[in-house]
Amino acid sequence: MILPTVNEIRALHERYAPSHEALDLVFTHCEIVCGIAAQLVAQTAIPLDADLVRVGALLHDIGVYRLYDQAGRLDHRDYIRHGVLGYEILREEGFPEPLRRFCSCHTGVGITRHDIRERKLAIPETDYLAETVEEQLVMYADKFHSKTTPPTFLTADSYAAQVERFGTDKVHAFGLLRARFGEPDLTSARARYGHAQA
């Protein structure tokens, strides 16, 4: 599988972003997640494809652009759909399935058919679960930064507290990821991007 370069991924973001503000929010978040993922890769002994992790981190939120309306507002009510929308964008662009899955399988700590039925989520009923170690690492790295207004960094404890509202099974799933990959040091990223920590 031939992986796209960082410049090619940036160009893809630029093509789909409806505004400079949207590009700045989404692509910056993807860059931050990529940096966090690289740090986690460097500290793990688990064999994985670091280049695939980098590409997956830079692509994972591309579907967010399809949630902006004509006025440039982000539709937060349908945000659960951004992973599926990203998968569709990458399929339309001819990207292979392993890359498309970084979009559809990174939300929360995984979404199951049961979750979709129970919560009446507006996405096709199937399991959206990170399966490969690369998918799991990108999904986990994503939990340490949020595109809120203003964007914020999260500690492992603060994310664990947030995910609790979705059930103890989600807290447990996050705990397994935390035990597997460790915790990133967000000090330099906070300084570089100027985002606060929650």
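- H29 places a side-chain heavy atom less than 4.5 Å from the side chain of H60.
- Contact annotation: the side chain of L137 never approaches that of L177 to less than 4.5 Å [non-hydrogen atoms, C-beta and beyond].
- Between the side chains of E97 and Y87, a donor-acceptor pair is found at a separation under 3.5 Å.
- Within the 4.5 Å cutoff, the side chain of C103 has heavy atoms near those of the L90 side chain.
- Electrostatic pairing of R15 and E93 counts as a salt bridge here, judged by a charged N lying under 4.0 Å from a carboxylate O.
- A continuous path of ILVMFWY side-chain contacts below 4.5 Å connects L99 to V64, so both sit in one hydrophobic cluster.
- Between F102 and L59, the closest side-chain pair of non-hydrogen atoms is not below 4.5 Å.
- Heavy-atom contacts from other residues, nucleotides or ligands closer than 6.0 Å to CZ of R192 number 12 or fewer.
- In this structure, V26 is a member of the same hydrophobic cluster as I9, with clusters built from ILVMFWY side-chain heavy atoms closer than 4.5 Å.
- There is no path of hydrophobic side-chain contacts, each under 4.5 Å, that joins L129 to V84.
- With a 6.0 Å radius and a threshold of 12 heavy atoms from other residues, nucleotides or ligands, E14 has its CD atom above the threshold.
- Tracing side-chain contacts under 4.5 Å through hydrophobic residues (I, L, V, M, F, W, Y), one never reaches F95 starting from V33; they form parts of separate clusters.
- Looking at Q197 and T155, their side chains come closer than 4.5 Å, going by heavy atoms from C-beta outward.
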query = R178 and D157: salt bridge (Lys or Arg N to Asp or Glu O under 4.0 Å), yes or no, with the steps?
reply = CA-CA 10 Å; R178 191 174 180 179; D157 287 340; 2.7 Å; yes
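- No salt bridge links D75 with R81; every basic N to acidic carboxylate O contact stays at or beyond 4.0 Å.
- A salt bridge links E92 to R66: at least one charged side-chain nitrogen sits closer than 4.0 Å to a carboxylate oxygen.
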